[in-house]
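In what follows, a structure is listed as structure tokens, so that the remarks can point back to it.
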Amino acid sequence: MTPATQGSPKGTRIGAEALLVAVVAAVLVFAVIRVPPQQWMPAPRVPVTLAGEHYRVPAGELARLETFSLQRFDEGRAAARAVVADEIGRQLDATFADAESRLPEFADWYYSLR
């Protein structure tokens, strides 16, 4: 190196850039060595058949879907029971109303003296 380029700003800048590149490279190598490798394999999938359709669901998602389905079935069961109870109540009311309207006729027949 000549004495003219030794203290020049251009030479100092190139040295600083080289040092910066070396430090960044060292940090990257350290990070790559210290970080454990990731498992890039997809999660195992479980086959599920629903209404004739076939699906492959991640195993972790299966438990959530099962819980969700059971809740929906319970809601459907409760709604169906309410509908059936209303229908039974309506039919019983109609049946007893008919029997109650004919009660005087029955009492007259049953208690009459022949």
Side-chain angles (χ1 to χ4, degrees):
M1 256 193 240
T2 64
T5 60
Q6 203 173 34
S8 73
K10 190 174 186 180
T12 306
R13 184 172 163 211
I14 292 174
E17 288 175 356
L19 180 63
L20 180 63
V21 169
V23 168
V24 169
V27 168
L28 287 175
V29 167
F30 179 75
V32 168
I33 290 173
R34 299 291 295 173
V35 174
Q38 298 291 324
Q39 296 293 338
W40 295 108
M41 297 295 293
R45 296 187 173 264
V46 179
V48 175
T49 303
L50 181 64
E53 296 289 327
H54 299 282
Y55 302 95
R56 294 186 54 80
V57 180
E61 186 77 7
L62 190 62
R64 189 189 69 78
L65 286 174
E66 182 180 14
T67 302
F68 175 76
S69 297
L70 289 175
Q71 289 173 347
R72 294 294 291 178
F73 290 147
D74 287 343
E75 290 171 5
R77 187 178 301 122
R81 283 185 178 167
V83 168
V84 168
D86 289 344
E87 182 65 23
I88 289 172
R90 192 175 58 73
Q91 289 181 9
L92 283 176
D93 288 345
T95 301
F96 282 115
D98 184 44
E100 187 176 359
S101 70
R102 294 175 45 200
L103 192 58
E105 180 185 342
F106 172 77
D108 186 42
W109 169 82
Y110 189 76
Y111 292 109
S112 67
L113 297 174
R114 301 228 172 205

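With sequence neighbours excluded, the residues forming a side chain to side chain contact (heavy atoms under 4.5 Å, CB included) with Arg90 are Glu87, listed by chain and number. By the salt bridge (Lys or Arg N to Asp or Glu O under 4.0 Å) test, Arg64 pairs with Glu61, sequence neighbours left out. Applying the salt bridge (Lys or Arg N to Asp or Glu O under 4.0 Å) criterion to Arg102, with sequence neighbours excluded, gives Asp98. Checked against side chain to side chain contact (heavy atoms under 4.5 Å, CB included), Val29 has the following partners two or more places apart in sequence or in another chain: Ile33. Applying the ring pair (Phe, Tyr, Trp, His ring centres under 6.0 Å) rule to Phe96 yields no partners; only residues at least two apart in sequence or on another chain are considered.
Here side-chain hydrogen bond (donor to acceptor under 3.5 Å, both in side chains) pairs that include residues 15-36, with residues two or more places apart or in two chains, are Arg13-Glu17.
Crowding of Glu100 atom CD: a count of heavy atoms from other residues, nucleotides or ligands under 6.0 Å not exceeding 12.
Residues Arg45 and Arg56 come closest through the heavy atom pair NH1-O, 3.1 Å. Residues Val57 and Leu62 approach most closely at CG1-N, 4.1 Å, considering heavy atoms.
Under the 4.5 angstrom side-chain criterion for Ile, Leu, Val, Met, Phe, Trp and Tyr, Val21 has no cluster partners at all. Listed by chain and number, the hydrophobic cluster partners of Leu20 are Val24, Leu28, where partners are ILVMFWY side chains within reach of under 4.5 Å, directly or through others.
A tilted orientation is assigned to the rings of Phe106 and Trp109, their planes being inclined by 30° to 60°.
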Distance-only check: which donor-acceptor pairs under 3.5 Å involve side-chain atoms of residues 67-83, not counting sequence neighbours?
| residue | atom | partner | partner atom | Å |
| --- | --- | --- | --- | --- |
| Thr67 | OG1 | Ala63 | O | 3.1 |
| Ser69 | OG | Leu65 | O | 2.8 |
| Arg72 | NH1 | Glu75 | OE1 | 3.3 |
| Asp74 | OD1 | Arg77 | NH1 | 2.8 |

Please report, to 0.1 Å, the donor-acceptor pairs under 3.5 Å made by any side chain of residues 48-55, with sequence neighbours excluded.
| residue | atom | partner | partner atom | Å |
| --- | --- | --- | --- | --- |
| Thr49 | OG1 | His54 | ND1 | 3.0 |

